[in-house]
Amino acid sequence: QGQLVESGGGLVQPGDALRVSCAASGRTFSNYAMGWVRQAAGKEREVVGVITRYGGNTDVADSVKGRFTISRDNAKNTVYLQMNNLKPEDTGVYYCAAGSSIGDVRGRGRSSYWGQGTQVTVSS
């Protein structure tokens with residue numbers, strides 16, 4: 001199985017920006033669609049962004065549209081989530097996800113797997 005390791009989370013104030021990163025190993029990175037999923041205590045899991053295997057197509061959730069951008073660098077086996085104008089409701093654990101397709105990532109299908117997550121806390 002592959003491994004995904006997230007980093008870059010932390011405590012920030014509303015309006016701040018933060019970039020989280022996900023380093024992948026154990027698989028051919030370019031074979032996988034990628035995504036970011038967040039979960040907060042008492043809330044449902046939310047797929048905040050997805051990206052195709054070569055980065056040609058991306059999509060982010062309506063709740064973060066205009067503020068978050070997902071990207072990838074296949075030469076570095078890394079996917080990023082740039083988070084701007086952070087809000088308290090963005091607080092949660094952010095997980096990196098890999099799958100055979102965007103649908104697999106979104107639905108946590110049979111071929112998908114997650115990292116351990118990185119905590120993002122937005123508070124004044």
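Given the structure is predicted, the values throughout are model-derived calculations rather than measurements.
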Can I get a per-line list of side-chain donor-acceptor pairs under 3.5 Å for residues 10-22, giving both atom names and the distance, sequence neighbours left out?
from	atom 1	to	atom 2	distance (Å)
D16	OD2	Q13	N	3.1

Point-to-point distance, once rounded to the nearest 0.5 Å, from SG of C96 to CH2 of W36: 5.0 Å
Between CD1 on residue I102 and CZ on residue R53, distance to nearest 0.5 Å: 9.5 Å
Salt bridge D62-K65, side-chain N to carboxylate O under 4.0 Å: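 Salt bridge: yes.
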Pairs touching residues 71-80 that satisfy salt bridge (charged side-chain N to carboxylate O under 4.0 Å, His left out), sequence neighbours left out: none
Of all pairs that satisfy salt bridge (charged side-chain N to carboxylate O under 4.0 Å, His left out), the ones with a partner from residues 95-109, not counting sequence neighbours: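 For residues 95-109, and leaving out neighbouring residues, the salt bridge (charged side-chain N to carboxylate O under 4.0 Å, His left out) pairs sorted by first residue read D59-R106.
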Short side-chain to backbone donor-acceptor contact, [X] and [Y], under 3.5 Å:
X	Y	answer
T118	G9	yes
T52	N57	yes
R38	G92	no

Q116 CD: over 12 foreign heavy atoms closer than 6.0 Å: no
Under 3.5 Å side-chain donor-acceptor pair for S63 and E46: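 Yes, side-chain donor-acceptor contact under 3.5 Å.
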Parallel, tilted or perpendicular, as decided by the 30° and 60° cut-offs, for the rings of F68 and Y94: tilted
